[in-house]
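What follows is a short report on a single structure.
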Amino acid sequence: MTAVPLKPYPFFFGILWRQFRYRTFALALFAAGGIGLMGFEPILMRDLIDALRANETEAENIWQLFALIAAVWFGSATCNRIREWVDLYTAPELRLQAQVEVYHWLDQHAPRFFQDHLAGSLGQKVKQAGTASVALLSIVFDGFIRMVVAILMSFIVLAAAPSYFFWVFLFWLVGFVGLSMWFPRRCVPLFKAFGEEMSASTGVLVDINTHMDVVRGNAKRLSERLRVLDSLRSERGASMNTRRFLLWMMLVMYTALLAFQCAFIAMGIDAFLKGLMGVGDVVMVISLAAILVTNVWALSGQLVGFFEQVGILGAALAVIAKPHDILEAIDAKPLQVRGGEIRFEKVSYQYRSGDHLFRDLDLHIRAGERIGLVGPSGAGKSTLTKLIRRYYDVSSGRILIDGQDIATVTIDSLNLGIADVPQDPALFHRSLRENIAYAKPEASEACLWEAAKAAHCEAFINNRPEGFDVIVGERGVRLSGGERQRVAIARAFVKDAPILILDEATSALDSETESLIQDAIDRLCKGRTVIAIAHRLSTLARMDRILVMDQGKIVEEGTHAQLLALKGHYASLWQRQSAGFIGHETSGN
């Protein structure tokens with residue numbers, strides 16, 4: 001995918017050129033036609049007034065002038081309605097296209113990006129990109145073009161007036177346009193600050209709403225209300241700063257407009273009294289001043305909106321359009337997983353801080369082998385599994401799956417070859433059917449029921465009137481922890497990937513539920529390459545090999561029995577835990 005520009009102007013005009021060039025040309029044409037035709041009104045009104053004052057003028061000529069004025073009015077209205085019709089089929093599609101392009105760039109970011117940003121804030125940025133693009137479309141192809149054409153027509157009309165009208169208008173126009181550009185640009189930092197405060201308050205609300213059970217459970221509603229109030233007060237302060245500046249801006253600019261209108265009309269009256277202009281010419285000048293004031297005032301307001309929307313769009317792009325941390329190779333090919341063999345060859349990995357976790361790590365996991373990872377927090381267990389899935393990129397070395405460097409294969413094919421059952425399964429606010437069949441939406445009903453039975457989901461599905469169609473709630477809140485875990489296992493059964501990663505899949509469960517889940521996991525592991533992380537060593541006793549990790553190094557490896565016989569790290573951990581295990585033997589069987 002082509003990179004999304006970080007700056008709002010290339011983003012906005014780039015979409016218009018690629019997707020809507022002919023429609024935007026039509027918008028510009030009919031916007032110019034609508035105001036351009038109205039530019040003839042002052043001239044025709046002048047001629048009509050002069051004709052009415054001249055007794056010798058034939059009635060037919062008067063009616064012809066009136067017909068021309070009516071034609072100008074109806075022609076201008078027709079152009080405006082056509083422009084609105086074209087906009088009807090342009091603006092919604094532009095909103096869609098802007099949001100799609102931003103979202104397509106967003107969903108290619110590495111998992112770390114989503115860990116660094118609030119989900120609600122990112123969603124808001126995507127929506128803002130669409131809203132701002134539509135607002136800019138209206139301002140550019142209505143306000144700006146109408147104003148430019150109105151000014152050009154004014155110069156043409158003023159050719160019939162004394163020359164000083166032209167020069168007064170020109171000097172005023174230059175000064176007013178300068179003010180119109182200076183004031184809105186001064187607004188940009190204020191709009192940016194307001195946008196940031198609004199985004200921050202939205203993030204606070206989303207964060208609290210997502211964890212409302214924790215808030216209620218700890219009786220913290222009052223403190224969270226205060227947190228929300230603080231964020232909303234900051235947003236209000238930024239809003240008042242912006243509005244205060246806008247108030248002064250409008251006062252100055254509208255005063256300048258009224259001064260111009262009064263001066264222009266006074267000049268026309270003075271020229272009439274001196275015999276330099278007729279009544280029709282004075283009416284023409286008054287009509288022209290009215291058209292100019294109306295359009296210039298509209299443009300000055302739209303300029304504020306223009307820079308506001310540019311700021312909003314720029315803020316959204318500044319967050320989302322950053323370069324991707326994990327890049328897919330240009331000539332990437334689909335991963336062909338045959339047996340699921342995994343090799344780490346001289347793999348090094350360092351954190352953003354520069355500290356190394358792995359240095360020249362070599363590891364060979366045979367196809368179909370079940371590996372357990374043990375070690376203290378921070379030892380590198382989860383990072384190792386994330387490197388296999390390219391959640392992070394290695395600093396040096398390479399990781400091979402069935403002889404294929406994962407850095408040279410497509411990211412989608414890599415993830416399709418790997419299933420996982422995490423400690424905290426991520427479920428969508430959708431039906432059970434959609435969650436279980438997520439990896440394979442085309443899976444048959446029989447396949448889904450087979451997976452549900454294998455994962456021991458059948459009982460709690462049948463206990464719900466909606467069955468498979470029950471909505472599980474945000475992050476699966478309508479299910480118990482054990483039920484969520486079994487849904488994740490059923491999803492892995494349906495995915496049927498050759499490689500399976502288990503990350504504390506049986507932790508924090510009661511004994512009965514753990515037994516059901518352990519049985520489901522045992523079935524799931526058959527015929528697959530398995531990497532299991534667990535702090536409870538009893539869950540790893542049946543693994544083919546256990547790796548004991550510490551500070552990014554494999555300090556021990558072997559079967560459960562072999563590691564106990566070594567009387568090293570693993571044996572020490574086992575001795576500390578064994579007293580708390582009920583129903584488990586310490587012999588390793």
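What you see is a predicted model; the values in this text were computed from it and never measured. Values below: all heavy atoms of this structure, side chains included; hydrogens, waters and symmetry mates excluded.
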- Could you pull out all residues at least two apart from Glu369 that satisfy salt bridge (Lys or Arg N to Asp or Glu O under 4.0 Å)? Arg366, Arg545

- Check: Leu566 and Leu563 side chains under 4.5 Å, non-hydrogen atoms: yes

- Hey, what's the ring geometry for His324 with His109, parallel, tilted or perpendicular (30° and 60° as the breaks)? perpendicular

- Item | Leu106 versus Phe113, closest heavy-atom pair with distance | CD1-CE2, 3.5 Å

- Item | Glu458 backbone acceptor or donor facing Asn462 side chain under 3.5 Å | yes

- Item | Which atom of Arg338 lies closest to which atom of Asp402, heavy atoms considered | N-OD2, 2.6 Å

- Partner set under side chain to side chain contact (heavy atoms under 4.5 Å, CB included) for Asp412, not counting sequence neighbours: none

- Message: Does Arg112 have more than 12 heavy atoms from other residues, nucleotides or ligands lying within 6.0 Å of its CZ?
- Response: yes

- Task: Look up atom CD1 in Ile461 and atom CG in Asp469, then write down how far apart they are to the nearest 0.5 Å.
- Result: 10.5 Å

- Task: Hey, could you give me the CD1/CD distance between Ile546 and Glu556, rounded to the nearest 0.5 Å?
- Result: 10.5 Å

- Message: Looking at Glu328, I'd like to know if its CD atom is crowded, meaning that more than 12 non-hydrogen atoms belonging to other residues, nucleotides or ligands lie closer than 6.0 Å.
- Response: yes

- Look at the aromatic rings of Trp574 and Tyr570 and report parallel, tilted or perpendicular, splitting at 30° and 60°. parallel

- Query: Would you say the side chain of Ile399 lies within less than 4.5 Å of the side chain of Phe344, judging by non-hydrogen atoms?
  - Reply: yes

- Query: What is the distance from atom OG1 of Thr385 to atom CD1 of Ile418, rounded to the nearest 0.5 Å?
  - Reply: 9.5 Å

- Query: Quick one: does Glu235's side chain have a donor or acceptor within less than 3.5 Å of a partner on Ser231's backbone?
  - Reply: no

- Between Ala443 and Val494, the two heavy atoms sitting closest are CB-CG1, 4.1 Å

- Item | Side chain Arg343, main chain Leu400, donor-acceptor under 3.5 Å | no

- Query: Are the side chains of Tyr391 and Asn415 in touch, meaning some heavy atoms are under 4.5 Å apart?
  - Reply: yes

- Item | Ile320 to Trp105 - nearest heavy-atom pair and separation | O-CD1, 3.0 Å

- Please answer whether the main-chain N or O of Ala454 pairs with a side-chain N or O of Arg486 as donor and acceptor at a distance below 3.5 Å. no

- Is a salt bridge present between Asp519 and Arg523, judged by a nitrogen-to-oxygen distance below 4.0 Å? yes

- Query: Are the side chain of Asp496 and the backbone N or O of Ala492 linked by a donor-acceptor pair below 3.5 Å?
  - Reply: no

- Task: Could you tell me whether His569 atom NE2 has more than 12 heavy atoms of other residues or ligands within 6.0 Å of it?
- Result: no

- Message: Taking the side chain as everything from C-beta on, heavy atoms only, tell me whether Val409 gets closer than 4.5 Å to Lys333.
- Response: no

- Within the side chain of Ser348, is there an N or O that forms a donor-acceptor pair under 3.5 Å with the backbone of Ser396? no

- Around Tyr103, counting heavy atoms of other residues, nucleotides and ligands shown, do more than 12 lie under 6.0 Å from its OH? no

- Query: What's the verdict on side chain to side chain contact (heavy atoms under 4.5 Å, CB included) for Ile406 and Leu335, showing C-alpha distance, side-chain angles and the deciding distance?
  - Reply: CA-CA 8 Å; Ile406 63 171; Leu335 175 67; 5.5 Å; no

- Message: Measuring from atom CD of Gln423 to atom CD of Gln485, what distance do you get when rounded to the nearest 0.5 angstrom?
- Response: 8.0 Å

- Item | For the student: nearest non-hydrogen atoms of Ile15 and Ala98, plus distance | CD1-CA, 3.8 Å

- Message: Walk me through whether Phe11 and Val102 qualify under side chain to side chain contact (heavy atoms under 4.5 Å, CB included).
- Response: CA-CA 10 Å; Phe11 176 82; Val102 171; 3.7 Å; yes

- Message: As a quick check of understanding, evaluate side chain to side chain contact (heavy atoms under 4.5 Å, CB included) for Ile342 and Ile531, giving each step before the final call.
- Response: CA-CA 10 Å; Ile342 302 172; Ile531 302 174; 4.0 Å; yes

- Task: Evaluate side chain to side chain contact (heavy atoms under 4.5 Å, CB included) for Leu384 paired with Leu363, printing each intermediate quantity in order.
- Result: CA-CA 11 Å; Leu384 186 143; Leu363 173 63; 4.1 Å; yes

- To the nearest 0.5 angstrom, please state how far the CD atom of Gln99 sits from the CG atom of Leu94. 9.5 Å

- Is there a donor-acceptor pair closer than 3.5 Å between any side-chain N or O of Asp503 and the backbone N or O of Ile533? no

- Under a 4.5 Å cut-off applied to non-hydrogen side-chain atoms, are Lys7 and Leu317 in contact? no

- Message: Tell me which one of Arg491, Arg389, Arg528 satisfies salt bridge (charged side-chain N to carboxylate O under 4.0 Å, His left out) with Asp420.
- Response: Arg389

- For the side chain of Lys381 and the backbone of Pro376, is there at least one donor-acceptor N/O pair under 3.5 Å apart? yes

- Query: Hey, what do you get for OH (Tyr349) to OH (Tyr392), rounding to the nearest 0.5 Å?
  - Reply: 5.5 Å

- Side-chain donor-acceptor contact under 3.5 Å, Ser223 with Arg227: no

- Determine whether Phe460 and Leu432 make a side-chain contact, defined as any pair of heavy atoms from C-beta on separated by less than 4.5 Å. yes

- Task: Check for a donor-acceptor pair, side chain of Trp449 on one end and backbone N or O of Ser444 on the other, with a separation under 3.5 Å.
- Result: no

- Query: Are the side chain of Arg370 and the backbone N or O of Arg542 linked by a donor-acceptor pair below 3.5 Å?
  - Reply: yes

- Task: For the residue pair Glu93 and Gln97, confirm or rule out a side-chain donor-acceptor distance under 3.5 Å.
- Result: no

